Amino acid sequence: MLNRPTTEKLPGQDFEPRIVAFFCNWCTYLAADLAGTSRMKYAPNARVVRVMCSGRVDPQFVLDAFARGADGVLIGGCHPGDCHYQEGNYKMLRRFRLLKRMLHEMGIEDERFRLEWISAAEGDRVRTVINDMVERIRALGPLDLSPQQEVFAEEVPV
Amino acid sequence: MPEIQTPSGSDAVRIGVYVCHCGTNIAGTVDVKALTEYAAGLRDVVVAREYKYMCSDPGQGLVEKDIAGHQLNRVVVASCSPLLHEPTFRRAITRAGINAFFLQMVNIREHVSWVHLDKQKATEKTKDLVRAAVRRVALHKPLQKRKVPINPNALVVGGGISGIHAALTLAEAGKQVYLIEREPTIGGHMAMFDKTFPTLDCAACILTPKMTTVVSHPNIKLWTYSEVVQVDGYVGNYKVKVKHKPRYINEELCIGCQECITACLYKEGKFPDEFNLGLSKRKPVYLPFPQAVPQKVVIDPETCIEFKTGKCKKTCIEACGERLAIDLKQKESFEEIEVGTIILATGFKTFDPARNPHYGYGRYPNVYTSLEMERLVNAAGPTAGEIVLRDGKRPKSVGIIHCVGSRDVNTNRWCSKVCCMYSLKLAHLIKERTGAEVFNFYIDMRTPGKGYEEFYDRLLDEGVHFIRGRVAEISDWAVHPSEEGKLVIRAEDTLAAFVRRIPVDMVVLSVGLEPQADAQEVRRMFNISCSTEGWFLERHPKLAPVSTFTEGVYIAGACQGPKDIPESVAQAGAAAAEAMVLIDSQFVELEPYTAFVMEEECSGCKSCIPLCPYHAISYLADKKKASINEVLCKGCGTCVAGCPSGTIQQNFFEDQEIFEEIEGVLAYA
């Protein structure tokens, strides 16, 4: 039951990529707050969903985001070794690698799915990562899940 | 306390949305009126309002009134970061009688208005975020915070002035305190100073009484020459592993008579004395400095003949005699303690001026760092307070160079805050003791503080020279007979607008403050964060300056950023007070974001068990199901994301709640 909206998604210069960003509560969410208190300016395309740990990001969240119209998904976690919960970010990394391959097979370009380690002190990195991601996705154009993919999405009678 | 209503399944969801202007902080970039109108039209929204300051008393009152008046059972507040005011609004809605967790905050300040310029796009973004929150909050379930008891003991790490003050404050309040210092003595940097600015009272006179109180206080367990190596547990219940380094002296038996030092085979000190920064020599068995606390000697195995060759006559042991305090077989040992709160006061290190080679430190013997100068002017220092050059002569002229390793894009960008004042103090002491001409080279004179500017005025009257300009170079290259045999300071005098060459006998580099070399390892161990520069990060720069993002762990003194003594002491007192709030409340409330297994659907695959770093998940062999221990679970949600059958859920972050949020932000068509 894919109902990807198609309006506002025409390629061209008016295209504004939609990015869903999962930020962990302890590092990257704080970094985004820091970017705010430091009044850094960046592209308004990312929508942050707060999770306690990047390890909480279920691969289904990513698939759902793409299915619902996201042009990119960004996951932000603590640097390796810095996880507030010891090793949630490593668990995320494992899932990320597998998921990225799968998305690739589905025709979703690598630039659209990104995992970044951003510590609470790196407000500037939030800015550069989001700006960079927006530019790359803008160059790619809207995510086009081909019709075949939509067939796969139909419930298969068993 | 009002009774908590739990809307049952049949109860309709009634949401109130509150949009904050935050003065012009939000309203300046976001069309709050349009956002409020948009929110009013969303599913289940009964009322949507905007207000200048939602967090103010009338703002909170607005929410409370609507909860009663409109029978709201869910609230969305679009304002600042949830880390700032989520607790505020949770309290507000609890007062109005609904569960604290029927709230969703939308961060439209830090994540929107402060970071975007395009008003229309910013407003669109806030609409997406509010829509997501409205959809999410409808699914929220009532939750209760968990209460866990607090261990009343406290740990203070670092025995400088901050750590000492924090430990004493807690101990005076009747709390049991462990004070851990990695050096053989407490006192930190302050113990190295002679006088303190701006009052010029002697550092030892105000510090050493506190040091001796620490060691004799019945509520303080002082462990010097020890380090924390492992920290487990959570707020109120930390388990800390401490390593005691071998000092080869039984601390219980050593009475500090120092007869072993006299008896040592080395008749004179031969090895650089750490406390005097190598300006004097010590023996392999030594007391760091005469007022060291505890008064227990240390044996340095790197230099002791017995440790190196095994062929020493061991005159020290002979001298110790029946006291039997010397134990050359001592090994490092470990001890585990349980504490409820932790105060980190690990201090700073000074900038290494060898990183600025144009200042000639290490190349010209008469270029000193300010910390070395502190030892030279100290009456208990290597020269008994005589300010002399390496050849023993008194300097006739001294240059003090400010901002070495501070305010410099090539090294450290920050202002180290204390250097202007200590440079003035050193200038005064040098002038007073030697009568030398003193030249201060500064970028800006920064003297904010009680009595600080007055001290600067006093120095101007005393005839100390001030030259505004960053020094380009220090060399011994003489271009004029008056420069022969001198150190020539070359700097642009930016007030007079020409380049000066000033020959001096001695140069003092006012080195800046830096985070400790192992600050990163320490913060990892205590699970806190560092700022970009490497200082420990406070929870909020203004409102929670001594708290960290890890509850029960506080920071005090210069480990948080450059600070002078009064500020360090104030912070230490604040950290102790914060710790006492926790200890005296006896219980701490933990966020209920724990995970739970929906047992009937669990297939018992055990995938989740190795994912948990806290060993909170166990396998119930009889039922063939996984089970999560709520007390051990810290609520990261990794097992939730890893469960193949979606059987594990996390309170407040249930799959469906997050799906609603994702779909909410994307449902713009």
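Computation of the quantities below employed the complete heavy-atom set of this structure, encompassing side-chain atoms and omitting hydrogens, waters and symmetry-equivalent molecules. Small disclaimer: the values here were computed from a predicted structure and weren't measured.
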> Arg95(A) versus chain B, heavy atoms under 4.5 Å apart: side chain, backbone, both or neither?
Replying inline: side chain
> To the nearest 0.5 Å, how far apart are CD1 in Ile137(A) and CZ in Phe113(A)?
Replying inline: 11.5 Å
> chain B heavy atoms under 4.5 Å from Lys41(A): which part of the residue, side chain, backbone, both or neither?
Replying inline: both
> Out of Lys634(B), Gln520(B), His111(B), which one racks up the most heavy-atom pairs below 4.5 Å with chain A?
Replying inline: His111(B)
> In terms of heavy-atom pairs under 4.5 Å, which option from Pro82(B), Gly642(B), Cys639(B) contacts chain A the most?
Replying inline: Pro82(B)
>> Need one label for Arg125(A): side chain, backbone, both or neither, based on atoms under 4.5 Å from any heavy atom in chain B.
In response: neither
>> Does any backbone or side-chain atom of Leu611(B) lie under 4.5 Å from a heavy atom of chain A? Answer side chain, backbone, both or neither.
In response: both
> Out of Glu591(B), Gln650(B), Arg524(B), which one racks up the most heavy-atom pairs below 4.5 Å with chain A?
Replying inline: Arg524(B)
>> Need one label for Leu34(A): side chain, backbone, both or neither, based on atoms under 4.5 Å from any heavy atom in chain B.
In response: neither
>> Whether the Asn651(B) and Gln649(B) side chains hold a donor-acceptor pair (N or O, under 3.5 Å, no angle test) is what I'd like checked.
In response: no
> Which region of Arg523(B), side chain (C-beta onward) or backbone (N, CA, C, O), has a non-hydrogen atom less than 4.5 Å from a non-hydrogen atom of chain A, or is it both or neither?
Replying inline: side chain
>> Quick check on Val20(A) against chain B: is it the side chain, the backbone, both or neither that has a heavy atom closer than 4.5 Å?
In response: side chain
>> When you measure from the side chain of Lys125(B) to the backbone of His116(B), do you find a donor-acceptor pair of N or O atoms at a distance under 3.5 Å?
In response: no
>> With chain A as the partner, which of Ala122(B), Gly635(B), Ser113(B), Cys612(B) has the greatest number of non-hydrogen pairs under 4.5 Å?
In response: Gly635(B)
>> Side chains of Asp33(A) and Asn107(B) only: does a donor on one sit below 3.5 Å from an acceptor on the other?
In response: yes
> Does the Asn25(A) side chain pair with the main chain of Val51(A), one donor and one acceptor, at a distance under 3.5 Å?
Replying inline: no
> Is it the backbone or the side chain of Asp655(B) that comes under 4.5 Å from a heavy atom of chain A, or both, or neither?
Replying inline: both
> Where is the tightest heavy-atom contact between Phe653(B) and Arg56(A), given as atom of each residue plus distance?
Replying inline: O-NH2, 2.6 Å
>> Using the rule given for salt bridge (Lys or Arg N to Asp or Glu O under 4.0 Å), can you reason through Glu660(B) versus Arg136(B), listing the C-alpha separation, both sets of side-chain angles and the distance that settles it, and then say yes or no?
In response: CA-CA 5 Å; Glu660(B) 280 299 328; Arg136(B) 183 194 210 278; over 6 Å; no
> Is it the backbone or the side chain of Cys83(A) that comes under 4.5 Å from a heavy atom of chain B, or both, or neither?
Replying inline: backbone
> What part of Tyr593(B) is in contact with chain A, defined as an atom under 4.5 angstrom from a non-hydrogen atom: side chain, backbone, both or neither?
Replying inline: side chain
> chain B heavy atoms under 4.5 Å from Ser119(A): which part of the residue, side chain, backbone, both or neither?
Replying inline: neither
>> So that I can tick it off, tell me whether Arg18(A) and Asp71(A) are bridged by a salt bridge, with the cut-off set at under 4.0 angstrom between side-chain N and carboxylate O.
In response: no
> Salt bridge check: are Arg138(A) and Glu16(A) linked by an N-O gap of less than 4.0 Å?
Replying inline: yes
>> Whether Lys121(B) and Glu124(B) form a salt bridge (side-chain N of Lys/Arg under 4.0 Å from carboxylate O of Asp/Glu) is what I want to check.
In response: no
> What residue in Leu117(B), Thr550(B), Leu537(B), Ile528(B) has the most heavy-atom pairs under 4.5 Å with chain A?
Replying inline: Leu117(B)
>> Salt bridge check, Asp110(A) against Arg101(A): does any charged N sit closer than 4.0 Å to a carboxylate O?
In response: no
> Does any heavy atom of chain B fall under 4.5 Å from the side chain of Phe22(A), the backbone, both, or neither of them?
Replying inline: side chain
> Which one, Ser38(A), Cys78(A), Ala46(A), leads in non-hydrogen pairs under 4.5 Å with chain B?
Replying inline: Ala46(A)
>> Pairing donors with acceptors under 3.5 angstrom, does anything connect the side chains of His79(A) and Glu122(A)?
In response: yes
>> If you apply the rule salt bridge (Lys or Arg N to Asp or Glu O under 4.0 Å), what do you find for Glu87(A) with Lys91(A), and how did you get there?
In response: CA-CA 7 Å; Glu87(A) 51 196 34; Lys91(A) 308 287 191 255; 3.3 Å; yes
> What part of Thr532(B) is in contact with chain A, defined as an atom under 4.5 angstrom from a non-hydrogen atom: side chain, backbone, both or neither?
Replying inline: both
> Which atoms of Cys530(B) come close to chain A, meaning under 4.5 Å heavy atom to heavy atom: side chain ones, backbone ones, both, or neither?
Replying inline: backbone
> Among Ala43(A), Pro44(A), Cys27(A), which residue forms the greatest number of heavy-atom pairs with chain B at distances under 4.5 Å?
Replying inline: Pro44(A)
> chain B: which of Gln86(A), Met40(A), His84(A) shares the most heavy-atom pairs with it under 4.5 Å?
Replying inline: His84(A)
